[in-house]
2 protein chains.
Amino acid sequence: MKPVSACIREIACDNTNKRFQAVNSFSAAQRTRVTMLDVAQRAGVSKASVSRFIGEDRALLSEAIAERIERAINDLGYRPNQMARGLKRGRTRLIGMLVADIRNPYSIAVMHGVETACRLHGYNLVVCNTDRNDEQERQHLAALRSYNIEGLILNTLGHDPDALQELHQEMPIVLIDRKVEQLHTDLVGLDNADAVRMALEHLEQQGYRDVLMVSEPVDGTSSRIERIDSFTRQLATHPALHGAVVTTGAGLRVAIQTFVQAPGNGAKAIFCANGLAALACTQVLRDLNCRLFEDVGLIALDDLEWFPLVGNGITALAQPTQQIGASAFDCLLKRLGGDKSAPLALDFAPQLIVRGSTRQPPTT
Amino acid sequence: MKPVSACIREIACDNTNKRFQAVNSFSAAQRTRVTMLDVAQRAGVSKASVSRFIGEDRALLSEAIAERIERAINDLGYRPNQMARGLKRGRTRLIGMLVADIRNPYSIAVMHGVETACRLHGYNLVVCNTDRNDEQERQHLAALRSYNIEGLILNTLGHDPDALQELHQEMPIVLIDRKVEQLHTDLVGLDNADAVRMALEHLEQQGYRDVLMVSEPVDGTSSRIERIDSFTRQLATHPALHGAVVTTGAGLRVAIQTFVQAPGNGAKAIFCANGLAALACTQVLRDLNCRLFEDVGLIALDDLEWFPLVGNGITALAQPTQQIGASAFDCLLKRLGGDKSAPLALDFAPQLIVRGSTRQPPTT
DNA sequence: ATGCACGCTGAAACCGGTTTCATGGAAACC
DNA sequence: GGTTTCCATGAAACCGGTTTCAGCGTGCAT
């Protein structure tokens, strides 16, 4: 990361607004916000009553007192301190989300779903990104725990199942997309077998005969394993199709080149197991001067915003990411509500969006 | 948002692991984590000493006591409760980040920078997404405040400057990309004038003569205003160039069509003021069957991962998003350290990445 | 030997809330 | 009318830490 020069300007500050200048020492002290005691005194009641007012047992209070408190709160602009509330009550209204790679569009989309659901239920989200680094994952888990989050949404490899298991004793956990062996929690994700089935059926219907599946390196990621396994297994039920699997990385270019140039059994298509694989493949195909649709078919699991723009568009199996996120939060909420039933796995179905890259097979 | 059917499976739970089944009531009670008192008792010291040990004044403790405490902490697996720490100390180690649109790649990239910087300094990030909705912004600001975050990074319109000003009395705020009038805080963003200059110079050098700038609707967003203003102003210093400005939305297709078909003064190029405008333009050009490079040039402010893949690649002015994020956090840290100097504006320079869409002008 | 400064330690107050429990007054009952 | 019940309310304990302050033992100067 080389430093990029930045131009630093001093912002002109019109001194007519003197009041803005005085208050600028945030250094730990000062923190002089209006507290529950202030409200209580102003309303001429006890802290307990104020607490009842802002809590769920407002019903206990008399009309008169409630009104006095309400006025005091509005007058003073009082906002209860969630930290303090969480201390005794155990309810911080915080949900943690641990993401393996925040720059993966899938993660973002799911996160958006989670975030929306959180807001609707009065929760807030602490997002941590591990950048696929186990040490960072460890650090973040410790940090999340120390903030007394009420539940955790996990979309990461979980290379330390023991730590997760220990955490699971303290709070509900929902896995997203990636299963962690030995961790008996709810799981929300895609019906990978079904997705692969849809992809293969579509390709076969369109007349393709040779299919190269491109996945990111497996590295224990359950969803990748499932997709690859489903692929190899389902090939057996599609006698017309012939297939192989490769992973992204150094060898991808050669693998694709070989695949495209080989004699083969008919029209050829590439099946990308996720969005990042699709990006990698598209780049390679471009390098190889291979035209989507004319030279080789392409279908991708995940639908990215730029898929319509490349060539005649890239056919996609869109995941209902928003819903996956929302469902994950719902699971958490259910568990927080005391539900102790056996862990569930919610497998959503993808949606096939046909675009130019598979609209009809190249005629060999 | 239509419901998509999900297949629900019950996860087989091998009963050999009985211990996992017993502990499953997260409903408020239970929360039986090891506390500072436990450590103190085990080590045979007072809470105060333990507090000193985990705090910054470990130096005050004698060798013997420190060792006993350390052992007790390790034995018990003690982790201090950040909530409780934050209560008295005022230091929650939480930073808030309010983002207008979490699905904008720019926001994500910056967020990633912020997140990394946070981690390196032991802070955690609470991310809130307003989805460009003022009410949500209000809610989120209130929530963030109630969590005693130590500082706020803001990338949103700030349609309620008074609320922000009030918040600014309590904590440092750093704006990203978007200025808020009347809010005298640090600002980190792009040197928009310079970016526009680079774009125009590049286009002129490459032989383009007519330039259509496409921006998202301004709506008070300072960076958009600056870019448009710079554009119209700098056209004056490039007598060879002729230009116009339109915004994305319903009229975009017609505007672009008109621009492309008009007789004009020479080769034509479109200048997209940000990544989303680039997406919109590319879609329209595709609809219109306009080829990038052959029919019309294209340069975009922001660089997205798919730019190399469309046509012969889209020329971009990449923002140093990682650094923008990191700098924003640094500003915050400086203010938290008590720096009361006048608010600064850090304007980073973009980097020109030439691709096929402007490599040479179409010969008319 | 006494006085004093100093460094380590623990008791207790405190942060801003929640919750338990005791209390007092009104309503209900005999 | 006296007793009981019930309800609204407040005092105080509590959550898990931090911080103040007082105490105590030690070393050093007197």
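Naming: A, B, ... by sequence-line order, numbering from 1 per chain. Reckoned from all heavy atoms, side chains included, excluding hydrogens, waters and symmetry mates.
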Worksheet item: Taking N and O atoms by type only, does the side chain of A:Arg52 place a donor or acceptor under 3.5 Å from a partner on the base of D:dG10?
Response: yes
Heavy-atom side-chain proximity of [X] to [Y] below 4.5 angstrom:
{"X": "A:Pro172", "Y": "A:Thr185", "value": "no"}
{"X": "A:Gln182", "Y": "A:Leu164", "value": "no"}
{"X": "A:Leu94", "Y": "B:Tyr147", "value": "yes"}

What's the [atom1]-[atom2] distance between [X] and [N], to the nearest Å?
{"X": "B:Met83", "N": "C:dC14", "atom1": "CE", "atom2": "P", "value": "24 Å"}
{"X": "B:Gln82", "N": "D:dT18", "atom1": "CD", "atom2": "P", "value": "9 Å"}
{"X": "A:Asn148", "N": "C:dT18", "atom1": "CG", "atom2": "P", "value": "15 Å"}
{"X": "A:Arg145", "N": "D:dG16", "atom1": "CZ", "atom2": "C1'", "value": "14 Å"}
{"X": "A:Gln41", "N": "D:dG10", "atom1": "CD", "atom2": "P", "value": "13 Å"}
{"X": "B:Lys47", "N": "C:dG10", "atom1": "NZ", "atom2": "C1'", "value": "11 Å"}
{"X": "B:Phe53", "N": "C:dC8", "atom1": "CZ", "atom2": "P", "value": "15 Å"}

Electrostatic pair [X]-[Y], nearest N-O below 4.0 angstrom:
{"X": "A:Asp75", "Y": "A:Arg42", "value": "yes"}
{"X": "B:Arg89", "Y": "B:Glu56", "value": "yes"}
{"X": "B:Arg132", "Y": "B:Asp101", "value": "yes"}
{"X": "B:Asp160", "Y": "B:Arg138", "value": "no"}

Any protein N or O atoms within reach of nucleotides 23-27 of chain D? Criterion: under 3.5 Å, listing atom names and distances.
none

Practice prompt. Pick base, sugar-phosphate or nothing for B:Tyr78, based on heavy-atom distances below 4.0 Å to the nucleic acid.
Written response: sugar-phosphate
Discussion item. Please classify the nucleic acid contact of A:Val45 as base, sugar-phosphate, or nothing, using heavy-atom distances under 4.0 Å.
Written reply: sugar-phosphate
Practice prompt. With a 4.0 Å heavy-atom cut-off, tell me which residues in residues 54-74 of chain A come close to DNA chain C, sorted by residue number.
Written response: A:Ile54
Measuring from the side chain of [X] (C-beta onward, heavy atoms only), which nucleotide among [options] has the closest atom?
{"X": "B:Arg89", "options": "D:dA12, D:dT18, C:dG10", "result": "D:dT18"}
{"X": "A:Lys88", "options": "D:dA12, D:dT18, D:dC15", "result": "D:dC15"}
{"X": "A:Asn81", "options": "C:dG17, D:dG17, D:dA11", "result": "C:dG17"}
{"X": "A:Ala84", "options": "D:dG16, C:dT19, C:dG16", "result": "C:dG16"}
{"X": "B:Leu87", "options": "C:dT19, D:dT18, D:dG16", "result": "D:dG16"}

Practice prompt. Determine yes or no for a side-chain-to-main-chain donor-acceptor pair under 3.5 angstrom, with A:Glu150 supplying the side chain and A:Ile95 the backbone.
Written response: no
Worksheet item: Hey, is the main chain of B:Lys47 close enough, under 3.5 Å, to the side chain of B:Ser51 for a donor-acceptor pair?
Response: no
Worksheet item: Is the distance from OP1 or OP2 of D:dG10 to the nearest side-chain N or O of A:Ser49 less than 4.0 Å?
Response: yes
Discussion item. For D:dG17 and A:Tyr147 - does any side-chain N or O of the residue sit under 4.0 Å from the phosphate oxygens OP1/OP2?
Written reply: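 For D:dG17, neither OP1 nor OP2 has a side-chain N or O of A:Tyr147 closer than 4.0 Å.
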Discussion item. Return the CE to CG distance between A:Met83 and A:Leu87, rounded to the nearest 0.5 Å.
Written reply: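 CG of A:Leu87 is found 10.5 Å from CE of A:Met83.
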